[in-house]
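Predicted model, so just to flag it, every value in this text is computed and none were measured. In what follows, every chain begins at residue 1, and chains take the letters A, B, ... in the order their sequences are listed.
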Amino acid sequence: MATHGVYQRIYAVIRRVPAGRVVTYGQVAELASLTGHARQVGYALSALPDQNDVPWHRVVNAKGQVSTRSEAGYGAVQRALLAAEGVNFDEDDRIDLTRHRWRPRRGGLSR
DNA sequence: TTTATGGCTGTCA
DNA sequence: ATGACAGCCATAA
C-alpha cells in the first residue's frame, strides 16, 4: 500500500522489539533510517489507532523513563505493561536501559 | 502554499 | 543532579 509514510516504517521497527525489552525514541528513529528524528517517532505513536499490533509501550525516552502523553494515566498503563513483561523500574519510575535496552542483531555488536 | 505543533535529544549553565 | 534552549522534520490545518 504505498504507505508513503514514515510512520509505517516506524511501526515496523517497533513491532520487532521483543517483549521485556525497550527502545528509546532515538533508537527507533535510527533503526528506521531516520537518525536524529526521534520526535517523529513520538508523533507516530501518538497517531497510532486504538487497535494496533504495535507494542508502543516498549518505547521510552532517552532517560529511560516513560514519556507521558497528553493525558495522565497512560504512563501508569505503559509501566504496568512493561512490568508484566519483566521490565523493572526503580524508585523514580525509570528503567535500567543498560539492562533492558533492545539490541538489534547487527554484526554482533552486542557487548 | 505556508504556519503551527509536537509522546525527543543533546548541550550548556 | 535538574532546568532551560535550540535544532531536526513529518503531519495536520
Side-chain angles (χ1 to χ4, degrees):
Chain A
M1 317 289 289
T3 63
H4 312 89
V6 178
Y7 286 16
Q8 199 62 41
R9 199 195 224 124
I10 292 170
Y11 300 150
V13 173
I14 299 176
R15 280 195 199 108
R16 289 162 60 189
V17 181
R21 240 41 191 222
V22 297
V23 286
T24 64
Y25 290 93
Q27 204 178 338
V28 173
E30 191 174 328
L31 292 172
S33 301
L34 295 168
T35 308
H37 308 163
R39 259 176 148 167
Q40 261 40 293
V41 176
Y43 304 143
L45 293 181
S46 68
L48 266 177
D50 295 326
Q51 300 165 13
N52 62 74
D53 50 344
V54 181
W56 60 274
H57 56 268
R58 290 182 193 146
V59 185
V60 299
N61 63 26
K63 300 173 199 135
Q65 203 164 24
V66 292
S67 294
T68 60
R69 176 162 154 173
S70 304
E71 292 179 55
Y74 278 81
V77 174
Q78 181 168 5
R79 201 188 65 153
L81 288 168
L82 290 173
E85 295 183 349
V87 178
N88 297 325
F89 287 77
D90 64 13
E91 299 172 17
D92 296 313
D93 292 311
R94 299 205 301 190
I95 300 168
D96 185 351
L97 291 179
T98 64
R99 181 178 145 176
H100 291 290
R101 193 189 296 253
W102 175 46
R103 289 241 179 194
R105 313 169 191 187
R106 281 284 222 148
L109 190 73
S110 356
R111 266 231 171 307

Take the protein atom CZ of A:Arg79 and the nucleotide atom P of B:dG7, then report the distance between them rounded to whole Å. 22 Å

Kindly compute the distance separating CD (A:Glu85) from CZ (A:Arg21), expressed to the nearest 0.5 Å. 11.5 Å

Could you check how far CD of A:Glu30 sits from C1' of C:dC8, rounded to whole Å? 15 Å

What does A:Gln78 touch in the nucleic acid at a heavy-atom separation under 4.0 angstrom: a base, only the sugar-phosphate, or nothing? base

Donor-acceptor pair under 3.5 Å, A:Tyr43 side chain vs B:dG6 base: yes

Atom-to-atom span, OH of A:Tyr25 to C1' of C:dC8 - whole angstrom: 17 Å

Verify side chain to side chain contact (heavy atoms under 4.5 Å, CB included) between A:Ile14 and A:Leu45, making sure each step is shown before the conclusion. CA-CA 10 Å; A:Ile14 299 176; A:Leu45 293 181; 3.6 Å; yes

note: A:Arg9, atom CZ; C:dC9, atom P; distance rounded to Å ~ 15 Å

Mapping A:Gln40 and A:Gly26 onto DNA chain B by nearest heavy atom, which one lands closer to the 5' end? A:Gln40

Would you say B:dC8 has OP1 or OP2 under 4.0 Å from some side-chain N or O of A:Ser67? yes

Starting at NE2 of A:His37 and ending at C1' of C:dC8, how long is that distance when rounded to a whole Å? 5 Å

State whether the distance check finds a donor on one side and an acceptor on the other, under 3.5 Å, for side chain A:Arg39 versus base C:dC9. no

Rounded to whole angstroms, how far apart are CG on A:Asp92 and P on C:dT2? 7 Å

Separation of C:dG7 atom C1' from A:Leu34 atom CG, nearest Å, is 16 Å

Has the side chain of A:Gln27 got a donor or acceptor atom that lies under 3.5 Å from a matching backbone atom of A:Trp102? yes

Does A:Asp92 offer a backbone N or O that forms a donor-acceptor pair with the side chain of A:Gln65 under 3.5 Å? yes

Could you give me the CA-CA distance, side-chain angles and deciding distance for A:Val22 and A:Leu97, then say whether side chain to side chain contact (heavy atoms under 4.5 Å, CB included) is met? CA-CA 8 Å; A:Val22 297; A:Leu97 291 179; 3.9 Å; yes

Would you kindly give the CG-to-C1' distance between A:Leu97 and B:dT9, to the nearest whole Å? 14 Å

Verify, without hydrogens or angle tests, whether A:Tyr11 (side chain) and A:Asp53 (backbone) share a donor-acceptor contact under 3.5 angstrom. no

Just by distance, do the side chain of A:Arg58 and the backbone of A:Val17 share a donor-acceptor pair under 3.5 Å? yes

Where each pair must be Watson-Crick or G-U wobble with both distances under 3.5 Å, what dot-bracket representation of DNA chain C is obtained, with crossing pairs in [ ] and other-strand partners as |? .||||||.|||||

